[in-house]
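A short write-up of the structure that comes next.
Not measured: the values here are computed from a predicted model.
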Amino acid sequence: LWRWSAGTDARADWSGRSEIERLAILAGARDFGCGALLYYYLGDLLPAPAAEEFRAAYRAQAMQAIKQQYMLGEIGAVLARAGIDSIPIKGAYLAQEIYPAPALRPMGDLDVLIEKKRLPEALKLLQNAHWVPGYLADGHNHAPMMFRDRVALEPHFALPGMAASETGKVWDYWRSNQRKFPIELHFLILAGHAWQHRWRNARKFLPDLGFLLARGPLDPDKVEALRREFGFCRPDLLYHALPELFPPETRQNGSIPQDAVRSLRRLLFEPVDLSGRGMEIMMHDPRRFSWPWWRRRLQGFAPARVMDKYQAGWPRLPLCYGREIALKFAAFRQGVSAPPAPEVFQDVNDNEAVSACMRP
């Protein structure tokens, strides 16, 4: 699918495949939740039962996309009336500007960048427009999520993967660049976000990348200049790990280890479901017990994080703290006394190898 998104003729590719390959693609589309994208490309070429199943998925995503796109426009209008600039980023931008149809890019939330100095005013305006704030904010990139009619909004004051100290400069750049970000900057945003989330979003990241690159060639020199200016992660590993997408001239960095290339391809193409095992992964981090490690562990005890995790208000907070301390203590005891499960060991090692190449 990500090769098709980058420009390969999908219908010709499908017609040239064996029955076994087609069945594997159908099963993969179900596993990765990409049925709507498969239906968009193949339509009547799909077997009847699969066509009906994926058509229903496409229509469901289309209905949600219509609501999200309407609300995104409304958010921009509410803020613009007060003279506050806003920029759709990540999926909100891709669905509108890059994908052939917004319904092809499912979004868990709408990501919108707002200037930090105007953020308190913007949040108040959004609450007046019936957006209800939640509890959790990461403190580095965005304010607490907001909700309205089963649509979530994530008001960002910094770009994912970018040094927080460079937030003001990015607005100056946007205004001097005809109030647009080039695809090179959107590429860095995608790469930084995927890296920060340990590549768990591979099923979105790969088609995102394919559609983005299909819009025009990526200028690696411009990528590097923007990376240095705004403190993004280093993307050279992606050029080496995805030669199907990037031309040979992007692979000039000869210091990229092949072990890291294999690790990134494994994370992207052979994902293991480790949901709910975050504490286990944290306990086997190679930098455990360092100050940054302890800081991240203690952040989990912030009241907003605990209330968000247990969907509870202030009256139930002491009880939730009791449960959270018990869970973390059990994970701590197991982490120091038992070796990691093989899949956790592989995930930790792969992410460490990738991070060694991508840290700014």
Side-chain angles (χ1 to χ4, degrees), residues 1-8 87-91 93-94 97-99 105 113 158-167 169-199 201-202 204-269 350-360:
L1 283 171
W2 65 274
R3 286 175 180 159
W4 294 353
S5 69
T8 300
I87 308 172
I89 57 172
K90 293 166 45 182
Y93 162 78
L94 295 165
E97 303 293 339
I98 298 298
Y99 274 70
R105 181 40 166 92
L113 183 67
L159 292 174
M162 186 187 78
S165 59
E166 307 299 336
T167 301
K169 286 169 61 177
V170 84
W171 281 98
D172 294 336
Y173 178 80
W174 178 74
R175 292 184 176 112
S176 66
N177 195 51
Q178 300 179 334
R179 301 171 75 85
K180 291 190 292 188
F181 287 151
I183 64 166
E184 287 82 6
L185 190 57
H186 285 290
F187 165 64
L188 287 168
I189 293 169
L190 287 179
H193 181 255
W195 173 54
Q196 285 183 334
H197 286 267
R198 303 176 66 86
W199 310 97
N201 64 341
K204 288 183 180 179
F205 173 73
L206 289 168
D208 284 352
L209 191 56
F211 281 118
L212 188 69
L213 297 179
R215 277 300 179 100
L218 198 71
D219 181 345
D221 293 333
K222 190 171 184 178
V223 170
E224 180 60 15
L226 290 168
R227 184 197 74 77
R228 288 178 179 275
E229 183 175 359
F230 298 121
F232 281 99
C233 65
R234 293 178 289 157
D236 304 69
L237 178 58
L238 280 165
Y239 303 151
H240 289 258
L242 298 174
E244 303 92 335
L245 279 185
F246 296 101
E249 56 267 25
T250 62
R251 295 188 285 280
Q252 301 301 316
N253 187 345
S255 63
I256 299 296
Q258 284 304 303
D259 283 350
V261 171
R262 286 190 288 270
S263 289
L264 182 52
R265 287 190 71 90
R266 189 157 44 234
L267 290 167
L268 290 173
F269 299 114
D350 283 342
N351 272 286
E352 183 59 24
V354 169
S355 292
C357 293
M358 295 192 70
R359 287 191 188 99

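- The two residues Ala260 and Val354 come nearest to each other via the heavy atoms O-CG2, 4.1 Å.
- Although no hydrogens or angles enter the test, the distance criterion places a donor-acceptor pair under 3.5 Å between the side chain of Thr8 and the main chain of Arg3.
- Considering only heavy atoms from C-beta on, Ile87 comes within 4.5 Å of Trp174 through its side chain.
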Could you give the side-chain donor-acceptor pairs of residues 179-191 under 3.5 Å, partners two or more places apart or in another chain?
unit_1	atom_1	unit_2	atom_2	d
Arg179	NH2	Asp85	OD1	2.5
Glu184	OE2	Asp219	N	3.1

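- Under a 4.0 Å N-O distance rule, the pair Asp172/Lys169 does not qualify as a salt bridge.
- With salt bridges taken as basic N to acidic carboxylate O contacts below 4.0 Å, none links Asp208 and Lys90.
- Side-chain atoms of Tyr173 and Leu226, non-hydrogen and from C-beta on, do get closer than 4.5 Å to each other.
- With rounding to the nearest 0.5 angstrom, the CG atom of Asn351 is 5.0 Å from the CG atom of Leu267.
- In this structure, Gln252 and Pro248 approach most closely via the heavy-atom pair NE2-O, 3.7 Å.
- Taking 4.5 Å as the limit, every side-chain heavy atom of Asp236 sits out of range of all side-chain heavy atoms of Ser255.
- The two residues Val223 and Pro235 make their nearest non-hydrogen contact at CG1-CG, 3.7 Å.
- Atoms CE and CD, from Met162 and Gln196 in turn, are 11.0 Å apart once rounded to the nearest 0.5 Å.
- For CZ of Arg265, the number of neighbouring non-hydrogen atoms (other residues, nucleotides, ligands) closer than 6.0 Å is greater than 12.
- Annotation for Ser263 and Ala353: closest pair OG-CB, 3.8 Å, computed over non-hydrogen atoms.
- Here CG of Asp350 is found 9.5 Å from CZ of Arg198. Values are rounded to the nearest 0.5 Å.
- Between Thr250 and the choices Pro217, Pro220, Pro243, the side chain to side chain contact (heavy atoms under 4.5 Å, CB included) rule is met once, by Pro220.
- With rounding to the nearest 0.5 Å, the separation of CG in Leu245 from CG in Leu238 is 9.5 Å.
- For Arg227 (side chain) and Arg234 (main-chain N/O), no donor-acceptor pair under 3.5 Å exists by modelled atom type.
- The residue from Tyr99, Tyr93, Trp4 that alone fulfils the ring-ring contact (aromatic ring centres under 6.0 Å, His included) condition with Phe211 is Tyr99.
- To the nearest 0.5 Å, atom CD1 of residue Ile98 and atom OG of residue Ser5 are 11.5 Å apart.
- Classified by interplanar angle (parallel below 30°, tilted 30° to 60°, perpendicular above 60°), the ring pair His193/His197 is tilted.
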Candidate pair Leu113 and Trp171, rule side-chain contact (heavy atoms from CB on, under 4.5 Å), full reasoning: CA-CA 10 Å; Leu113 183 67; Trp171 281 98; 3.8 Å; yes

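- Residue Phe205 holds its CZ atom at 13.0 Å from CH2 of Trp195, rounded to the nearest 0.5 Å.
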